[in-house]
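In what follows, a structure is listed as structure tokens, so that the remarks can point back to it.
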There are 2 protein chains.
Amino acid sequence: MSPEAPEPGTVRPGGRTARVRTAVLRAAGDTLAERGFAHLDLADVAHRAGVGKTTVYRRWGTVTGLVADLLVDMAEQSLPRTETGSLLGDLKANARLVQRTLSDPRQGALFKAIIAAATCDPRTAEALHRFYDTRIREWAPCVQQAVDRGELPRGTDAHEVVRAVSAPLYYSLLAGGGPLDEAAADRAAQAAAAAARAGVYVR
Amino acid sequence: MSPEAPEPGTVRPGGRTARVRTAVLRAAGDTLAERGFAHLDLADVAHRAGVGKTTVYRRWGTVTGLVADLLVDMAEQSLPRTETGSLLGDLKANARLVQRTLSDPRQGALFKAIIAAATCDPRTAEALHRFYDTRIREWAPCVQQAVDRGELPRGTDAHEVVRAVSAPLYYSLLAGGGPLDEAAADRAAQAAAAAARAGVYVR
DNA sequence: CCCCTAACGGAACAGGAGTCCCGTTATGAG
DNA sequence: CTCATAACGGGACTCCTGTTCCGTTAGGGG
């Protein structure tokens, strides 16, 4: 993201730099959620963060660059999954977590903006992939446990199952078609479980 | 879309106006696929279309407005679905159609750009919803036929099943995770069929 | 075929996003 | 504590996106 890598001297990630990063990323998230990707002005972000405009342009350069860094930050704060003991219970918990996130006005708008940014820039897309990878890795074990318990066929691709839970919820967010409520979340979980039991995700 | 509705005089949708619209929408699709949503300049679109810059700004105003009109145009040209006689065959045909569209460099990039535009503007989002609605309405009958044949439980929501086929393919396009090949298309179709057979989409 | 005017086109204009320059602050090594 | 310098901040500057003005072209009713 930073335009030029500092070669000669020492890097200084201490105090001020970290504080600026935190403030800017926070302001970026807020502004992105409110105004959306298209109407985002880096000068506005800088003003909100109480930081010089030049600083934002120097460290992140573009809107997509800023979003990419925001995603790295978001991936670091992954919440632990809950365990219910059954495959369907775990998948429903995951589905409802995603559903609540996307339904929330701020978070939903933020994700829309992030997705928009990712479609416009390869680096940001890569950051988004890594973000989802982190989330999926967190939830995959509950599928693997179901395989071990004999609830699902051997060789089931755990990651594919977890992705299958999220997919219809994101589709609702972006393409419309039905409200994004708990019923939709439960349907997503049940559909993924049914397909997995039928052996669709055996690799 | 048009900034102001002409009230007093007569509207003239004839010859020249239609020609300009066609040329501009074509140029918009090309430019959108090549440069993406973020780096789209309406002046560039106008130049490609061999049309005055002022005309584009007057009729469409913004990038999102132009994309919205492009979606109306795309929805009008919906291709007829194929019929294979079995539920899984029909769903696979649908899945592969979507997969081929999204895999194609031009079409894939175009859809990414359109989705980005839709996340930035409510009107464009509405146009995108209508577009998918058109497509889903086209394919829903094959699910309904399966219900009538007794392949699926009564009361199955045909639209939900069709959406379930597309969802994972769009998820792959936007969030990554696995190649967007024929195997992925077949998996999407099989998963939707399995979930539908299990009664997940009974309303 | 003629005329009114909807719609288009060129060019000048204005506003704002992003860049550059240079002085100031504060980090962290010695 | 001191100093070299990484990192920040303010403000002027540039260029490009979008607007406005007005003259020109062509659709379609009479």
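In this text, all values refer to a predicted model and were calculated from it rather than measured experimentally. FYI, side chains are in, hydrogens and waters are out, and symmetry mates aren't considered; it's all heavy atoms of this structure.
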For [X] and [N], give me the distance from atom [atom1] to atom [atom2], rounded to whole Å.
X	N	atom1	atom2	answer
A:Arg59	C:dT19	CZ	C1'	19 Å
B:Trp60	D:dT19	CH2	P	15 Å
B:Arg19	C:dC8	CZ	P	11 Å
B:Arg35	D:dT17	CZ	C1'	15 Å
A:His39	C:dA17	NE2	P	12 Å
B:His47	D:dT17	NE2	P	14 Å
B:Leu40	D:dC16	CG	C1'	14 Å

Next on the checklist: If we check side chain to side chain contact (heavy atoms under 4.5 Å, CB included) with A:Asp69, which of these qualifies: A:Leu71, A:Val67, A:Val72?
Outcome noted: A:Val72
Side-chain ion pair, [X] and [Y], N-O less than 4.0 Å:
X	Y	result
A:Glu160	A:Arg163	yes
A:Asp30	A:Arg106	yes
B:Arg123	B:Glu126	no
B:Arg96	B:Glu182	yes

Nucleotide nearest [X] (side chain, heavy atoms from C-beta), chosen from [options]:
X	options	result
A:Arg58	C:dC8, C:dA26, D:dG9	D:dG9
A:Thr17	D:dA7, C:dG9, C:dT19	D:dA7
B:Val20	D:dG9, C:dC8, C:dT19	C:dC8

Checklist entry - Name the one of B:Arg137, B:His129, B:Arg130 that satisfies side-chain hydrogen bond (donor to acceptor under 3.5 Å, both in side chains) with B:Asp133? => result B:Arg137
Taking N or O atoms only and anything under 3.5 Å, show me the protein contacts with nucleotides 11-16 of chain C, one pair per line.
| residue | atom | partner | partner atom | Å |
| --- | --- | --- | --- | --- |
| C:dA11 | N6 | B:Thr54 | OG1 | 3.3 |

Item to check | Any B:Tyr57 side-chain N or O less than 4.0 Å from OP1/OP2 of D:dG18 | outcome: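 So the side chain of B:Tyr57 is within the cut-off, an N or O lying under 4.0 Å from OP1 or OP2 of D:dG18.
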Checklist entry - Within the pair A:Arg16 and C:dT24, is there a side-chain N or O less than 4.0 Å away from OP1 or OP2? => result no
Checklist entry - Does CZ in B:Arg35 sit with more than 12 non-hydrogen atoms of other residues, nucleotides or ligands closer than 6.0 Å? => result no
